[in-house]
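Order of listing sets the numbers, starting from 1, for every ligand and every atom in it.
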Amino acid sequence: MDYVGRFAPSPTGPLHFGSLVAALASWLDARAVGGRWILRMEDLDKPREQPGAADAILRQLDALGLTWDGPVLYQSRRETRYREALDRLVQAGLCYPCACSRREIADSALGIDGAHIYPGTCRAGLPPGRPARAVRVRTAGEPIRFVDRVQGDCVQDVEREVGDFVVMRADGLLAYQLAVVVDDFDQGVTDVVRGADLVDSTARQILLQRALGYPMPRYAHVPVAVNAAGEKLSKQTGAGAIDTAQAGPALARALVFLGQPPPFDLPPGELLPWARAHWEIRQVPRTRLRAAPAEC
Ligand code: GLU
């Protein structure tokens with residue numbers, strides 16, 4: 001079985017219920033078929049990183065029994081590789097420099113994930129006297145379709161719904177959308193199982209895979225845990241770190257959230273073996289958002 005799954009946390013804080021759900025779903029989907037499960041630390045965006053969070057996440061996963069294969073890949077060490085991919089896109093004529101500031105784009109319509117749709121200002125060339133800030137990829141063509149194993153049929157017209165998107169940011173960092181595509185390819189990832197907040201990024205990633213000649217992995221986007229105010233659980237919305245001294249209850253709640261309720265009388269140490277043997281992705285609720293249990 002040549003299944004390769006991955007968990008790719010951003011080290012902006014320790015693992016909380018929301019990120020545990022994504023990690024657990026991806027681990028179970030891989031381990032249920034005897035696949036590999038690898039870990040990638042998405043630490044490109046240094047200003048957003050919380051010191052110590054990457055190590056805390058690794059310790060928490062280990063303590064929960066979510067073991068991974070091989071060394072952890074750190075995005076911050078792979079800049080050369082991302083630049084090579086960017087160069088290929090540039091050489092293929094798929095990119096262009098963009099001088100627009102955030103403020104200049106602020107008047108255009110809001111796109112699918114709440115960001116402004118790029119109006120194409122610099123598509124035909126930089127306005128005279130304006131320096132390039134970012135690099136964008138040209139979007140065009142047929143809408144992108146894919147079948148998500150949880151969310152079902154998905155379709156997005158990237159040009160209309162997102163616009164030409166940034167692959168190198170104004171601060172010089174390579175954008176998440178490009179890094180994730182290069183990493184998934186280099187790591188031989190066959191199956192991406194992650195939170196449904198990223199379902200709207202998937203078409204952009206498929207577009208980049210096609211441009212770079214990479215195969216498309218299978219996708220499964222599991223519901224994102226939201227608090228009583230309907231906000232995604234995160235450090236900013238006050239989600240607490242998973243207490244690994246209470247691994248059993250945390251795993252049991254995450255399993256219930258994923259539509260895989262374990263038997264009541266199962267000892268904590270048997271939760272993962274049970275879940276691995278009984279994992280049914282068809283039972284995962286087909287919704288993008290789901291209320292987190294009150295205790296989280
Ligand atoms: N690093 C992203 C996050 O923590 C996940 C990226 C991915 O799974 O593709 O939200």
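- Taking a cutoff of 4.0 Å between a charged side-chain nitrogen and a carboxylate oxygen, Glu84 and Arg88 do not qualify as a salt bridge.
- For atom 6 (C) of ligand 1, the closest heavy atom belonging to the protein is Glu42 OE1, 3.2 Å.
- Looking at Val192 against ligand 1, nothing comes within 4.0 Å, counting heavy atoms.
- Ser10 contributes no side-chain N or O that, together with a main-chain N or O of Thr12, makes up a donor-acceptor pair within less than 3.5 Å.
- For the pair Ser10 and ligand 1, the shortest N or O to N or O distance falls below 3.5 Å.
- Those atoms of ligand 1 that come under 4.0 Å of a heavy atom in Val180, given as number and element, are 9 (O).
- In terms of protein heavy atoms, atom 8 (O) of ligand 1 is closest to Arg6 NH1, 2.7 Å.
- Salt bridge status for Asp191 with Arg218: present, with a side-chain N to carboxylate O gap under 4.0 Å.
- Note on ligand 1: Tyr176 sits in its first shell, one or more heavy atoms being nearer than 4.0 Å.
- Considering only non-hydrogen protein atoms, atom 10 (O) of ligand 1 sits nearest to Leu198 CD1, 4.2 Å.
- When each atom of ligand 1 is checked for a heavy atom of Arg194 under 4.0 Å away, the hits are 7 (C), 8 (O), 9 (O).
- Relative orientation of the Phe185 and Tyr214 rings is parallel, given thresholds of 30° and 60° on the angle between their planes.
- Through ILVMFWY side-chain contacts below 4.5 Å, Leu110 is grouped with nothing and stands alone.
- In plain terms, the two heavy atoms of Ala99 and Glu104 that are nearest each other are O-OE1, 3.9 Å.
- Between Ala8 and ligand 1, at least one N/O pair is under 3.5 Å apart.
- Judged as a side chain to side chain contact (heavy atoms under 4.5 Å, CB included), and not counting sequence neighbours, the contacts of Ala225 are Phe17, Leu233, Phe257, Ala292.
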